[in-house]
Protein chains: 2
Amino acid sequence: MTSGHVTPSPRRDRVFMAYAVVLLSCAMQCRRALCKQWLHLFGRKSVAPSAHLHTLPMLSKPQQRRRQFHWTTGYRSRDVEFTHVQYNVQRLGFAAITTEDMAFFNDLLPGCVVTDPDILEASNVDWLRTMRGCSQLLLRPQTTEEVSQILRYCNSRNLAVNPQGGNTGLVGGSVPVFDEIIISTVQMDNIISFNSNSGVLTCQAGCILENLNNYLEEQDFIMPLDLGSKGSCHIGGNVATNAGGLRLLRYGSLRGTVLGLEVVLADGTILNCLTSLRKDNTGYDLKQLFIGAEGTLGIITAVSVLCPRKPAAVNVALLGCDSFEKILDIFKESKGMLGEILSAFEFLDYSCREVVCEHLKLQNPLQETPFYILIETSGSNDVHDQEKLNNFLEKVMTSGLVTDGTMATEENKIKALWALRERITEALVCDGFVYKYDISLPLEKFYEIVIDMRNRLGVRAKRVVGYGHLGDGNLHLNIVSPAFDQQLLDSIEPYLYEWIAQHYGSISAEHGLGFKKKNCIYFSKPKEAVDLMQQMKAILDPKGILNPYKTLPSFTWSSH
Amino acid sequence: MTSGHVTPSPRRDRVFMAYAVVLLSCAMQCRRALCKQWLHLFGRKSVAPSAHLHTLPMLSKPQQRRRQFHWTTGYRSRDVEFTHVQYNVQRLGFAAITTEDMAFFNDLLPGCVVTDPDILEASNVDWLRTMRGCSQLLLRPQTTEEVSQILRYCNSRNLAVNPQGGNTGLVGGSVPVFDEIIISTVQMDNIISFNSNSGVLTCQAGCILENLNNYLEEQDFIMPLDLGSKGSCHIGGNVATNAGGLRLLRYGSLRGTVLGLEVVLADGTILNCLTSLRKDNTGYDLKQLFIGAEGTLGIITAVSVLCPRKPAAVNVALLGCDSFEKILDIFKESKGMLGEILSAFEFLDYSCREVVCEHLKLQNPLQETPFYILIETSGSNDVHDQEKLNNFLEKVMTSGLVTDGTMATEENKIKALWALRERITEALVCDGFVYKYDISLPLEKFYEIVIDMRNRLGVRAKRVVGYGHLGDGNLHLNIVSPAFDQQLLDSIEPYLYEWIAQHYGSISAEHGLGFKKKNCIYFSKPKEAVDLMQQMKAILDPKGILNPYKTLPSFTWSSH
């Protein structure tokens, strides 16, 4: 089975996460470059990364686009405490790598077997620098057949493996906990086919999302998903984590847009469900098992995705509003009047506006008001889109739903408006120690938790802010204190998780459970569901070699 | 396990299907009413059913909308040969119903236990009148708890069950093969909630699709799916069969729009995954297992669905085209220029046009040409939509892609154009014996099989026609002969299935496998996938009591 004998230590988890954020905060104050780096992952548009990134020297097929993130300050990966020490995890009874194993891998993957500790470090530590494994072996297969042979061998030898894409995960799902063999998809980056009639792209799992989007844009198409980490994340990792992102409101989730997958199972079996058909009702849809399973049920080696046409026109409006109830009315109105061209409905409260203006000196074009909304439209006809947006704005302003508003149609003005929403994360880190939560809630409860938390924490919190993808019901609740405060944290958790559970929300909207949140699963899923997940895991990976210690709760926790 | 000791008899299957279509054909020629009845299930718009349907007398909560289809001719259900006789199926070792079992059910569901043979007949025979079970017990639970208690009892007693929604399936998945207890969702038709902010509808599984759509239209929303059988089919059945239909091009499949499910497992466990969140990445997405599993893994008792706003404007254009290659160019152009408002891209060839004009005397407003396309737009602004459509039409006509075209904006004209596409099925049945195939193919191969089949069959076929949802890659290949011809059938199958497999298509685009196609699964899925499906079945329904003899191939077949 998958889970190890982890001593549940949620407080330790929080403390270390907090510690990492303190470090990050210090670094931020030192160097603006780091803010940009952070923004590269969290912001909407990626910044030119050349100053902050470098290509790994051991890539057998050197390509500039294959990057790993490295801090440019003196803060090193090796300063991160080992995960198993931080969390007091007991290693499961997997085999250790022997000389014979090394000979097998060197023979199978000549030039693609990495044991250099300096290079391994980048794959052992997660992007947030909060987790650190101690893997001594990184494999970079190029074909599905190679992945199959690796897994067949590992399964027979009882060697644990850690599948890794761009290593941009935020919950510790993409790095080893102990000495799991890292299987990277970095060298599996071929586009297999693109059909401009059907819009179906088929590619290997290691293709970087931004590269795929650039490739498609040349043919007047786009990827149906867009993430802050697009410059680094792999499409296989996106699918394995069921990534949400900025285009979900318009194009729906990967569960609808991914048409086919090729997956290698724990025992090396290649499961070819790589069709590119929109309709196929022949038996159970097995590919869905692997979407969002975080590499614990199989390794995704190829993907086929349905891609929309590139929109010809994009417009943005920023609106002010004096009550949250009115925002729900505006959202409803926008779905009717903008309907098919609505591509983003983002939300921020006054406290977010304060923090971006204070720390980043951004100009707020609107008068002060409790809430702001950013609406984006994307369509095939600019004149029509602007007219629709104008009609909509006129309606919401004359009806008193909106107190103030501005609209942008030029690219630099659009960027300036987006910056007020996108740079909140960056501004908050400059504000103090940040407790970050990424949650889903029914819309009517969307802002209630922010008010509730503000009342609960009172002056102990420097700032409690709410922002996020309102159109998807995805709230980012962020709480700031001058420095890390354990008592404050204890006032937030588990109260917050219980509140979310009580209101039928999700404790992880789009980040997954990974290592860090796996024991919180019961706040969002009933025991019957988790039991069934454990059974699925047992069927697909009876020895538990695939990404162990992740996603599903450990036995000690599940048996309580 | 699920499958019985079925002697594979694909030829017998074909013969009987053919026999049924002959009967249907005869009936059609006798009564126009039957054409309407047929259209009710297959056509786009339902016709007033009052003359051809009647409400079952034993409904404890009589509601007119709960209908079962009954032929108005002298053709009776009891004329259908028993399925197990036709197909030489051996009954699996399930228990037979005892007096004690009856006492249990009567006590659990007073007034909702049906044993009257006349009423049972309607649930024992499928809508096509090609299959007939011999169940002697029909249960009509009203709550999830009742379904749970039924299954817990049946599982402990080893009694097989047949979940049934509107009984509109076309592959024999919705009726018993032997004496399985029929569990109907007909009395589970409550709308639980609708949130007009999020557009999420939550309801019991027995709600009729058309009723849900009517309910939503009052609030300016629509269901994301639309089927010919909407007047009878249940939403639970739609989800269990992963129904496609007419809105898939625009709103995507149920895998993206179904946000939550409540399911009762074989042992009576209630699996509550009935969230209404757009983003929830906490563990494996179990609800996907039950979408399209045809009731073989659990019984769906409630559904939550993301519903789009009702479009304010609908326009239709019919275009003529002289080559299939140009149609693909037109499709590509339409995705760019109509993009967000494109809601249907339907296709028919000259032979379809001939048959509707000949048998139904419909007027073709265009000159004769090898191919026709019907394009529908749905949007929020009629002026914009018409302008987009005009621009698009001007482009495709001036560039020579289209030879002729007409556009309709008024409802009666729109209906007249749709009739040319919708009434093909009806016209074909008047033309002779019809061999019907519902398949998915990559777009570039979409029409090739029609030409190939025409060449292969030559003068032996009276007509070989191709039409369907081109936008979804879903082709309806229909072959007509004056009367049933076994040699002709042998020339079609398995050649056709092998051709589909060779071109990575699907032998069942949207109808599922049910009883009739379960042994054809290997034409679309590799052995590794089918083996994994069998494992899923074994985990979720170890005794195989849920809808036995369906979806997955029988052992004798799978072991070959």
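A quick note: this is a predicted structure, and the numbers were derived from the prediction, not measured. Lettering follows sequence order; numbering is per chain, from 1.
- Closest of all the heavy-atom pairs between A:G283 and B:M533 is CA-SD, 3.8 Å.
- Only the side chain of B:L277 has a heavy atom closer than 4.5 Å to any heavy atom of chain A.
- The parts of B:S196 that come within reach of chain A are both its backbone and its side chain, each placing non-hydrogen atoms under 4.5 angstrom from that chain.
- In this structure, the separation between CG on A:L338 and CZ on B:R309 is 10.5 Å, given to the nearest 0.5 Å.
- The nearest pair of heavy atoms linking B:I270 to A:E528 is O-CG, 4.0 Å.
- The two residues A:D280 and B:S506 make their nearest non-hydrogen contact at OD1-OG, 2.6 Å.
- With a 4.5 Å cut-off on non-hydrogen atoms, B:D220 does not touch chain A at all.
- The CG atom of A:L259 lies 12.0 Å from the CZ atom of B:R255; values are rounded to the nearest 0.5 Å.
- The line from CG of B:D385 to NE2 of A:H384 is 8.5 Å long, rounded to the nearest 0.5 Å.
- Between chain B and the residues A:K279, A:E294, A:K388, the largest count of heavy-atom pairs under 4.5 Å involves A:K279.
- Top candidate by heavy-atom pairs under 4.5 Å with chain B, chosen from A:G252, A:P311, A:G292, A:A293, is A:A293.
- Ranking B:L271, B:N242, B:N272 against chain A, the residue ahead of the rest is B:N242, based on heavy-atom pairs under 4.5 Å.
- In this structure, chain B has a heavy atom under 4.5 Å from the side chain of A:L286, while its backbone stays farther away.
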### Message
Test side-chain contact (heavy atoms from CB on, under 4.5 Å) on A:T269 and B:L532; report intermediate values, then the result.
### Response
CA-CA 11 Å; A:T269 300; B:L532 188 48; over 6 Å; no

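- In this structure, chain A has a heavy atom under 4.5 Å from the side chain of B:P526, while its backbone stays farther away.
- Between chain A and the options B:S253, B:G473, B:G379, heavy-atom pairs under 4.5 Å are most frequent for B:G379.
- Heavy-atom pairs under 4.5 Å with chain A were tallied for B:T551, B:L297, B:I439; the largest tally goes to B:L297.
- For the side-chain contact (heavy atoms from CB on, under 4.5 Å) test with B:Y284, the passing option among A:L552, A:I291, A:V530 is A:L552; the others fail.
- Contacts between A:T257 and chain B at a heavy-atom distance below 4.5 Å are absent for every atom of the residue.
- Closest approach of B:K525 to A:T282, counting heavy atoms only: NZ-O, 2.7 Å.
- For A:S440, the parts lying near chain B are the backbone and the side chain together; criterion is any non-hydrogen pair under 4.5 Å.
- Side-chain polar atoms of A:N195 and B:E444 form a donor-acceptor pair below 3.5 angstrom.
- Remark: the backbone N or O of A:S380 is paired with a side-chain donor or acceptor of B:E340 at under 3.5 angstrom.
- Contacts with chain B (heavy atom to heavy atom, under 4.5 Å) involve these residues of residues 326-337 of chain A, listed by number: A:L328, A:F331, A:K332, A:K335, A:G336, A:M337.
- Here the closest non-hydrogen pair linking A:H511 and B:N281 is N-ND2, 4.4 Å.
- For the pair A:L289/B:D285, no side-chain contact is recorded, criterion being any heavy-atom separation below 4.5 Å from C-beta on.
- Note: B:A509 leads B:G339, B:G256, B:A509, B:A312 in heavy-atom pairs under 4.5 Å with chain A.
- Looking only at heavy-atom pairs under 4.5 Å with chain A, the residue among B:L265, B:L274, B:L249 that has the most is B:L249.
- Annotation for B:L248 and A:R278: closest pair O-NH2, 3.3 Å, computed over non-hydrogen atoms.
- For the residue pair A:E387 / B:N381, no side-chain donor-acceptor distance below 3.5 Å is found, with atom types taken as modelled.
- A heavy-atom distance below 4.5 Å is found between the side chains of A:M536 and B:L540.
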